[in-house]
Asker: 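Before I ask anything, here is the structure I am working with.
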Amino acid sequence: MPELYHDTPFCRDMPAVLATGYLVGMMELACLHGLMPFMDWPAEQSLGTMVSFRHLAPTPPGMTLTIRGSVLEVEGRRVRFQVEAWDEVEKVCEGIHERHLIDPARFADKLARKQAQWRAAAPPA
């Protein structure tokens, strides 16, 4: 099982189980995969904007993880999911995830403006 914080010495002593951070990423990815057939990819994409998960049980290395989700609500460009993850023995995670549909070009412009503002405010090197 890869360590989430392999560069932090005391984290190397943590139990060899699926890290919550990796589990959150897999839950997000499952929701993205669920949206893909309904988006005009790559002209339309989605970004995760909220996670609220409870990690219920450890998953040791080698176990298969199954993630199930359903759409709870669609409001404008926001999609809210109910998501659960199961290993081969029990439910290991449950919660809510939200994603927002974006126009990648508009998002890139907004990001570029923010980076320019940040650079302008940075002290000279």
Side-chain angles (χ1 to χ4, degrees):
M1 188 79 34
E3 296 110 2
L4 185 58
Y5 302 110
H6 63 277
D7 57 344
T8 304
F10 68 85
C11 288
R12 293 186 200 125
D13 296 330
M14 304 266 307
V17 295
L18 178 61
T20 304
Y22 283 117
L23 182 55
V24 167
M26 288 187 282
M27 303 268 282
E28 278 195 282
L29 187 58
C31 293
L32 176 56
H33 276 281
L35 277 176
M36 290 295 288
F38 304 99
M39 293 190 303
D40 180 21
W41 188 271
E44 184 177 45
Q45 297 178 18
S46 74
L47 297 175
T49 55
M50 190 277 293
V51 292
S52 179
F53 296 141
R54 291 183 339 129
H55 196 163
L56 305 169
T59 300
M63 278 195 175
T64 298
L65 198 66
T66 300
I67 299 173
R68 298 182 188 115
S70 59
V71 173
L72 291 176
E73 178 182 27
V74 177
E75 184 179 300
R77 301 183 69 78
R78 181 179 58 85
V79 183
R80 181 179 285 201
F81 296 88
Q82 171 70 43
V83 194
E84 298 178 343
W86 297 75
D87 63 23
E88 295 174 71
V89 174
E90 62 188 330
K91 183 193 291 189
V92 297
C93 190
E94 64 184 11
I96 304 294
H97 176 48
E98 285 184 3
R99 299 193 69 78
H100 277 80
L101 301 178
I102 64 159
D103 172 332
R106 284 184 57 211
F107 187 83
D109 287 344
K110 183 177 179 180
L111 185 58
R113 286 192 306 272
K114 185 172 187 173
Q115 288 174 318
Q117 183 181 12
W118 173 63
R119 283 188 200 104

Asker: Search all heavy atoms of D87 against all heavy atoms of P58 and return the closest pair with its distance.
Answerer: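 Looking at all heavy atoms of both residues, the shortest contact is OD2-O, 3.6 Å.
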
Asker: Taking the basic N atoms (NZ, or NE/NH1/NH2) and the acidic carboxylate oxygens, is any pair closer than 4.0 Å for R99 and E28?
Answerer: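 Looking at R99 and E28, the cut-off is met.
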
Asker: With sequence neighbours excluded, tell me which residues meet side chain to side chain contact (heavy atoms under 4.5 Å, CB included) with M50.
Answerer: S52, I96, E98

Asker: In Å and rounded to the nearest 0.5 Å, what is the CD to CD1 distance from Q45 to I102?
Answerer: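 The distance works out to 5.5 Å.
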
Asker: Could you tell me which non-hydrogen atom of E88 sits nearest to which non-hydrogen atom of T64, and how far apart they are?
Answerer: OE2-N, 2.7 Å

Asker: Out of curiosity, does W86 fall in the hydrophobic cluster containing L56 (side-chain heavy atoms, cut-off under 4.5 Å, transitive links)?
Answerer: no

Asker: Supply the atom-to-atom distance L47 CG to L101 CG, rounded to the nearest 0.5 angstrom.
Answerer: 9.5 Å

Asker: Taking atom CZ of F53 and atom CG of L23, what is their separation to the nearest 0.5 Å?
Answerer: 7.5 Å

Asker: Within a 6.0 Å radius of atom CE on M14, are there more than 12 heavy atoms belonging to other residues, nucleotides or ligands?
Answerer: no

Asker: Show your working on side-chain contact (heavy atoms from CB on, under 4.5 Å) between T66 and R68 and close with a plain yes or no.
Answerer: CA-CA 7 Å; T66 300; R68 298 182 188 115; 4.2 Å; yes

Asker: Do you know which two heavy atoms are closest between A16 and P61, and how far apart they sit?
Answerer: O-CD, 3.1 Å

Asker: Would you say L65 and V24 are hydrophobically clustered, going by side-chain heavy atoms of ILVMFWY under 4.5 Å?
Answerer: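 Same cluster.
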
Asker: Enter the distance from Q82:CD to L72:CG here, rounded to the nearest 0.5 Å.
Answerer: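 One gets 5.5 Å once the value is rounded to the nearest 0.5 Å.
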
Asker: After noting the C-alpha distance and the side-chain angles of L35 and V79, does the key distance pass the side-chain contact (heavy atoms from CB on, under 4.5 Å) rule?
Answerer: CA-CA 9 Å; L35 277 176; V79 183; 4.1 Å; yes

Asker: Shortest non-hydrogen contact from P104 to P42?
Answerer: CG-O, 3.3 Å

Asker: To the nearest 0.5 Å, how far apart are OG in S46 and CE in M39?
Answerer: 4.5 Å

Asker: Tell me, please, which residues at least two apart from A57 pass side chain to side chain contact (heavy atoms under 4.5 Å, CB included).
Answerer: E90, V92

Asker: With rounding to the nearest 0.5 angstrom, report the CZ to CG distance, F81 to L32.
Answerer: 8.5 Å

Asker: With the side chain counted from C-beta on, respond yes when M26 and I67 share a heavy-atom pair under 4.5 Å apart, and no when they do not.
Answerer: yes

Asker: The test is side-chain contact (heavy atoms from CB on, under 4.5 Å); show your working for V71 and R80 and say whether it passes.
Answerer: CA-CA 6 Å; V71 173; R80 181 179 285 201; over 6 Å; no

Asker: Using side-chain heavy atoms (C-beta onward) and a distance below 4.5 Å, is R119 in contact with K114?
Answerer: no

Asker: For the NZ atom on K91, are there more than 12 heavy atoms of other groups (residues, nucleotides or ligands in this structure) within a distance under 6.0 Å?
Answerer: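 Counting other residues, nucleotides and ligands, NZ of K91 exceeds 12 neighbours.
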
Asker: Look at the side-chain heavy atoms of Ile, Leu, Val, Met, Phe, Trp and Tyr, link any pair under 4.5 Å apart, and say whether L18 and V89 land in one connected group.
Answerer: no

Asker: Give the C-alpha distance, both sets of side-chain angles, the deciding distance and a yes or no for side-chain contact (heavy atoms from CB on, under 4.5 Å) between C93 and M27.
Answerer: CA-CA 9 Å; C93 190; M27 303 268 282; 3.7 Å; yes

Asker: Is there a continuous path of hydrophobic side-chain contacts, each under 4.5 Å between heavy atoms, that joins F107 to W118?
Answerer: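 No, no single cluster joins them.
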
